[in-house]
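Here is the structure we will look at, set down as C-alpha cells.
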Amino acid sequence: MSLSLAPGASARATSSATAATERTRRPIVTGTSVLAIKYAGGVMMTADTLCSYGTMAKYKDARRLQSINPKTLIGGGGEYSDFQAITELLKRNALEDKCTADSLYDEDSSEECAREVWNYLRAVMYNRRNKMNPLWNDVIVAGFSARGEPFLGFVDKIGTTYEDNIVATGFGSYLALPILREKYREDMTEGEARALLEDCMRVLFYRDCRALNKIQIAKVTKEDGVLISEPYEIETDWSSASFVAPKGALDGDGGW
Amino acid sequence: MNPFAPAQIQNPNYYSTAFQYDGKSAETRNLKPGEVSTGTTIMAIPFANGVVLGADSRVSTGTYVANRVSDKVAQLHDHIWCCRSGSAADTQALTDYVRHYLSQLAIETGRVPTVKCAAHLMRRLCYENKDNLMAGVIVGGWDPVEKGSVYNIPLGGTCLKMPFAIGGSGSTYIYGLVDAEFREGMGEEEAKSLVKKAISHAMARDGSSGGIIRTVVVKETGNEREYIPGNELPYGP
C-alpha cells in the first residue's frame with residue numbers, strides 16, 4: 001500500500017469491491033453539540049472545547065468554532081479531522097477570493113457571505129454523501145447574508161440544509177433547542193443571548209456524557225466581524241439537598 | 001429460581017467473540033434496549049481500622065446522563081459496603097440479594113458477618129449467573145477478624161482480596177496514578193484524599209464518569225458519608 005499526500009486521497013473513490021464497504025468510516029475523534037442563535041446585533045454561536053476519543057475525554061482544548069472571513073463563522077460537531085478539512089477548504093477559498101479580487105480596496109464584494117459559504121458547503125457534503133464517503137460532521141454556518149441580514153444555516157453529513165433563527169447540532173438539538181425556543185426573542189441583547197447560550201451549555205454539561213464545562217462563545221456583527229472568545233469555564237450547581245441525601249443505606253430503597 | 005444453582009451454559013456460541021461492527025459503542029453493546037449502565041469509577045482502600053470507599057455519580061444510557069447524582073456506594077450490612085459498576089439494574093438486584101442473605105446469616109450465626117463472607121456471597125451470585133449479568137463490584141468494610149479489608153469482584157465472578165481496588169470504566173485512566181501514589185499502611189486521611197484525587201482524575205478523562213464524588217469511611221465506630229460537589233473536586237473536570 002502506498003501513502004499519498006495528494007489532496008482528497010481519502011476522498012477518492014476506489015473501484016475495488018472490498019473498498020466499497022469500507023468507505024463509510026466511523027468517527028474516531030468527535031466533538032459534540034454546537035448551538036447558535038440570532039440576536040439584535042448579529043449572530044452568536046457556542047461550543048465546548050472537548051474532542052472525545054470514544055468514551056475518553058482526550059483533547060480538552062479543541063477549537064470547534066472557526067472564522068472563515070469577516071462575515072462568516074462556522075462551528076462543527078462530529079469527526080474532528082473532517083471538520084479541520086472543511087475549515088481548511090473554506091479558508092483556502094476565502095484566501096483565493098481575496099487574492100483574485102477585482103479590486104484590492106473593495107473587500108466586501110470579494111468576500112463570500114455566509115449564505116454563499118453555506119450553500120457551497122451543502123454541495124461539498126452532498127457530493128461526498130453520493131460517493132458513500134461522507135465528511136462526518138454537522139456544521140453550523142453563521143454570519144451575514146449579501147443583503148446584510150443576519151444569517152444562520154445548518155448543514156449535516158448527508159447534505160441536508162436548513163436555515164432558522166435558532167440552530168443546534170448533536171445533543172443540543174434534543175436538550176437545548178426546546179430551551180432556546182422558549183426563551184428566544186428577535187430583539188435579544190448580546191448579554192441576554194450569551195446568558196441563554198451559557199444556560200444551555202450548562203444543561204448539556206450535566207446531561208451529555210461527551211460534553212465539557214469549558215466553552216467558547218463567538219459572535220458575528222457588522223461592525224466587528226467575527227469575534228471568538230478564549231475558552232472559559234462555566235459554573236455548575238450540585239448543591240440541591242436531594243442530591244446530597246444518599247439512598248444507599250440499609251433503611252433506604254437502595255435505589256440508584 | 002435458585003440464584004446459587006450452578007451455571008448452565010445454554011448458548012454454545014457464547015465463546016465466539018468475532019468483532020461485529022453494529023454501530024453500537026462498546027459500553028452499550030451488551031445492554032438491552034433501554035437498559036441503564038453505571039459506566040463508572042469506583043475505588044476502595046483499606047486502612048488500619050477500616051476502609052474508605054468512593055465512587056463518582058454518573059449513570060448513563062448511551063451518551064445521555066440518566067442520573068448525574070446517583071449513589072453507587074451501597075450498604076450491605078452495618079459495617080459492610082459495596083461499590084457498584086456495570087449495569088445499574090444488575091448491581092441493584094445483586095445488592096438486594098446479598099443484603100438479604102447477609103442479614104439472615106447474621107441472625108443465624110449470632111455474629112457480625114465478615115467482609116470475606118459478604119464478598120464471597122457476592123461472588124457466588126456473580127459467578128453462577130455470569131451469562132446474565134454485567135456487574136463489577138468492590139466489597140469493603142470492617143469486621144472484628146480482619147479489621148479493614150477490600151475485595152474486588154470484576155465481571156465473570158472472580159473474587160480477590162486486594163490492598164486497594166479500583167473498578168469501572170474510569171479506572172483504566174488512573175492505574176498509573178494509583179500505582180504511583182498508593183502505599184501499604186496508609187492512614188485514614190491519606191487514604192481518603194487519594195480516593196478523592198484518583199476519582200477526580202478518572203472523572204476528568206472518562207466520558208462515562210462524572211458528577212460528584214461520594215465517599216464512605218467505614219470503621220468499628222460507624223460509617224461516615226461525605227459528598228464532594230462537582231465544582232469542588234480536587235482536580236477539575
Side-chain angles (χ1 to χ4, degrees), chain A residues 21-22 24-33 48-60 77 170-172 174-175 202-215 232-256, chain B residues 21 23 25-27 36 38-39 55 57-78 81-84 88 92-93 95-96 99 103 169-170 172-173 203-212 214 216 223 225-233 236-237:
Chain A
T21 52
E22 288 172 51
T24 311
R25 288 164 261 103
R26 61 189 180 92
I28 310 282
V29 176
T30 56
T32 183
S33 332
D48 66 19
T49 59
L50 175 64
C51 273
S52 302
Y53 185 64
T55 60
M56 179 188 181
K58 192 160 183 184
Y59 304 108
K60 297 205 183 169
F171 249 72
Y174 297 110
L175 296 178
R202 191 175 358 264
V203 170
L204 287 172
F205 174 65
Y206 290 151
R207 293 295 175 181
D208 179 6
C209 287
R210 307 280 176 263
L212 189 64
N213 60 344
K214 212 154 114 197
I215 65 170
Y232 64 96
E233 262 190 41
I234 47 175
E235 284 176 8
T236 52
D237 177 33
W238 304 88
S239 59
S240 184
S242 56
F243 293 173
V244 185
K247 295 210 176 142
L250 280 175
D251 55 347
D253 62 1
W256 289 108
Chain B
Y21 181 60
S25 70
E27 62 216 327
V36 162
T38 48
S57 69
R58 178 173 285 186
V59 179
S60 49
T61 352
T63 42
Y64 178 67
V65 179
N67 187 348
R68 62 180 172 115
V69 285
S70 75
D71 183 10
K72 302 182 189 178
V73 190
Q75 193 172 19
L76 299 176
H77 198 78
D78 292 341
W81 293 69
C82 75
C83 299
R84 313 181 287 117
Q92 286 171 26
T95 307
D96 283 344
R99 270 193 193 135
S103 62
S169 57
T172 53
Y173 301 99
M203 283 160 63
R205 288 293 183 180
D206 181 25
S208 316
S209 302
I212 56 147
R214 293 198 198 271
V216 179
N223 309 307
R225 269 194 177 270
E226 210 184 312
Y227 169 93
I228 296 128
N231 45 1
E232 288 170 30
L233 301 172

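Chain naming here is simple, since letters A, B, ... match the order of the sequence lines and numbering starts at 1 in each.
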## Note on the structure
Cut-off 4.5 Å, heavy atoms of chain B, and the answer for A/D208 is both

### Message
If you count heavy atoms of other groups shown closer than 6.0 angstrom to OH of A/Y232, is the number above 12?
### Response
yes

### side chain to side chain donor-acceptor pair (under 3.5 Å) partners of A/R202, counting only residues at least two apart
A/D199

### Summary
Closest heavy-atom pair, A/T236 versus B/N231, reported as atoms and distance to 0.1 Å, is O-ND2, 2.9 Å

### Heavy-atom closest contact (A/C209 atom, B/G62 atom, distance)
SG-O, 4.1 Å

### Message
Under 4.5 Å from any heavy atom of chain B, what part of A/F205 do you find: side chain, backbone, both or neither?
### Response
both

### Query
What pairs with A/Y206 under ring-ring contact (aromatic ring centres under 6.0 Å, His included), at least two apart in sequence or on another chain?
A/W238

### Query
Do you know which of B/P229, B/S103, B/G230, B/G236 has the most heavy-atom pairs under 4.5 Å to chain A?
B/G230

### Message
Taking B/V65's backbone N and O only, do any of them form a donor-acceptor pair with A/R207's side chain (distance below 3.5 Å, no angle check)?
### Response
yes

### Query
Does a sphere of radius 6.0 Å around OH in A/Y174 hold more than 12 heavy atoms from other residues, nucleotides or ligands, not counting ones at 6.0 Å or beyond?
no

#### Entry: Interatomic spacing from CZ in A/F243 to CZ in B/R214 - rounded to 0.5 Å
9.5 Å

### Residue B/Y227 excluded, over 12 heavy atoms near OH under 6.0 Å
yes

### Task
Using non-hydrogen atoms and a 4.5 Å limit, figure out which bit of A/S52 sits close to chain B: side chain, backbone, both or neither.
neither

### chain A contact via B/D78 - which portion, at a heavy-atom distance below 4.5 Å
both

### Task
Report the option among A/K58, A/M56, A/E233 that has the most heavy-atom pairs separated by less than 4.5 Å from atoms of chain B.
A/M56

